[in-house]
Amino acid sequence: ARPSVAVLYICTGKYTVFWPDFYKTFRQNFLPECDKTFFVFTDAPAIEYDTEPDVRRIYQEAYDWPYSTLKRFEMFLSQEEALKAFDYLFFANANLLCEQVVTAEEFLPRTQQGEVLLVVQQPGFWDKTPPFYSYDRNPKCRAYIPYNCGRDYVSGGLNGGTSEAFLAMCHTLARRTDDDLADGVIALWHDESQLNRYIAELDPAQYRLLTPAYWYPEGWHLPFTPKITVRDKSRWIDMTAVKGKKPE
Ligand code: UDP
């Protein structure tokens, strides 16, 4: 049987601009051996392609940044009952493009070897060592990683796993994020810091780690052949309006 995959996609506010090209390229090239359904969390009353049979538009209130990204685990859990029915779940940032074929063999966690999650090395850190990663170093934060711990620095913008493992992770990280907020703490890189702490706690045999070929920022020069590219957001949206500060 073909594996079933739910692609989790958030586009609130101005990020809806990325949806049409995301959908066209992922529908065509991402995991062609799988049956995919796109869960699109958006505050828009309608989006392109939302009448396609493989698209489910979920109303999601637009939060101000950084809650728009921080609260994602809670957003996914609002659909937990529907998501449980899929074999695999993957989250993808709004501004990704999949212009090359990405096969199930190269991308799915190899469950027969014990892998249950899939993560991708962050291109800013793939050639660095853990003390130099931008882990959260605040001991009061639940995403805290001491300087002598951790192995990998992974991207918050493309990750997934078996639906059981991914939903278990969402429960843990939604709770940690809320507990941090109750203490007045926000992790350095939000969901990405929480994810990195979670991955650091696992046995490396439990996750598949891919190179930045699968998270290749446009305009960068990395020693990988791009498979999934990251569009430069500032070319498409005014980031000062989103983040209330000048784009980095
Ligand atoms: N996002 C959104 N609306 C917003 C801000 C963020 O839908 O107003 C979602 C969107 O999926 C985006 C992701 O959150 O790709 C990460 O947002 P952000 O731009 O903060 O992070 P980065 O691109 O730096 O990972």
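Everything numeric here is computed off the predicted structure, so don't read it as measured data. Both ligands and their constituent atoms are indexed starting at 1 by order of listing.
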Report the nearest protein non-hydrogen atom to atom 19 (O) of ligand 1: residue, atom name, distance rounded to 0.1 Å. Tyr15 OH, 2.5 Å

Please walk me through it: do Phe26 and Phe38 pass ring-ring contact (aromatic ring centres under 6.0 Å, His included)? CA-CA 10 Å; Phe26 274 75; Phe38 293 81; 7.3 Å; no

The remaining residues in the hydrophobic cluster of Leu222, counting side-chain heavy-atom contacts under 4.5 Å among Ile, Leu, Val, Met, Phe, Trp and Tyr, are Trp126, Tyr216, Trp220, Phe224

Closest protein heavy atom to atom 16 (C) of ligand 1, given as residue, atom name and distance to 0.1 Å: Asn93 OD1, 3.5 Å

Quick one: look at Arg72 and ligand 1, take heavy-atom pairs under 4.0 Å, and tell me if it's side chain, backbone, both or neither. side chain

To which protein heavy atom is atom 2 (C) of ligand 1 closest, and what is the distance rounded to 0.1 Å? Thr12 OG1, 3.4 Å

Counting each atom of ligand 1 from 1 as listed, which ones have a heavy atom of Cys11 under 4.0 Å away? 7 (O)

Hey, are Tyr207 and Asp152 close enough side-chain-wise for a donor-acceptor pair under 3.5 Å? yes

Taking CD in Glu33 as the centre, count heavy atoms belonging to other residues, nucleotides or ligands within less than 6.0 Å. Is the count above 12? yes

Which residue and non-hydrogen atom of the protein lie closest to atom 21 (O) of ligand 1, and at what distance in Å? Lys233 NZ, 3.8 Å

Heteroatom proximity flag, Ala94 to ligand 1, N/O under 3.5 Å: yes

Would you check if the distance from the ring center of Phe30 to the ring center of Phe107 is below 6.0 Å? yes

Report the member of Asp232, Ile10, Leu8, Asp43 with the shortest heavy-atom distance to atom 11 (O) of ligand 1. Ile10

Option nearest atom 20 (O) of ligand 1 (shortest heavy-atom distance, choices Trp215, Trp189, Trp65): Trp65

Using residues 208-215 as the side-chain source, report each donor-acceptor pair under 3.5 Å to any protein atom, sequence neighbours left out, with the distance given to one decimal.
| unit_1 | atom_1 | unit_2 | atom_2 | d |
| --- | --- | --- | --- | --- |
| Arg208 | NH1 | Glu105 | O | 2.9 |
| Arg208 | NH1 | Leu108 | O | 2.8 |
| Arg208 | NH2 | Glu105 | O | 3.2 |
| Arg208 | NH2 | Glu106 | O | 3.2 |
| Thr211 | OG1 | Ala213 | N | 3.1 |
| Tyr214 | OH | Glu106 | OE1 | 2.3 |

Do Phe132 and Phe125 make the cut of ring centroids closer than 6.0 angstrom? no

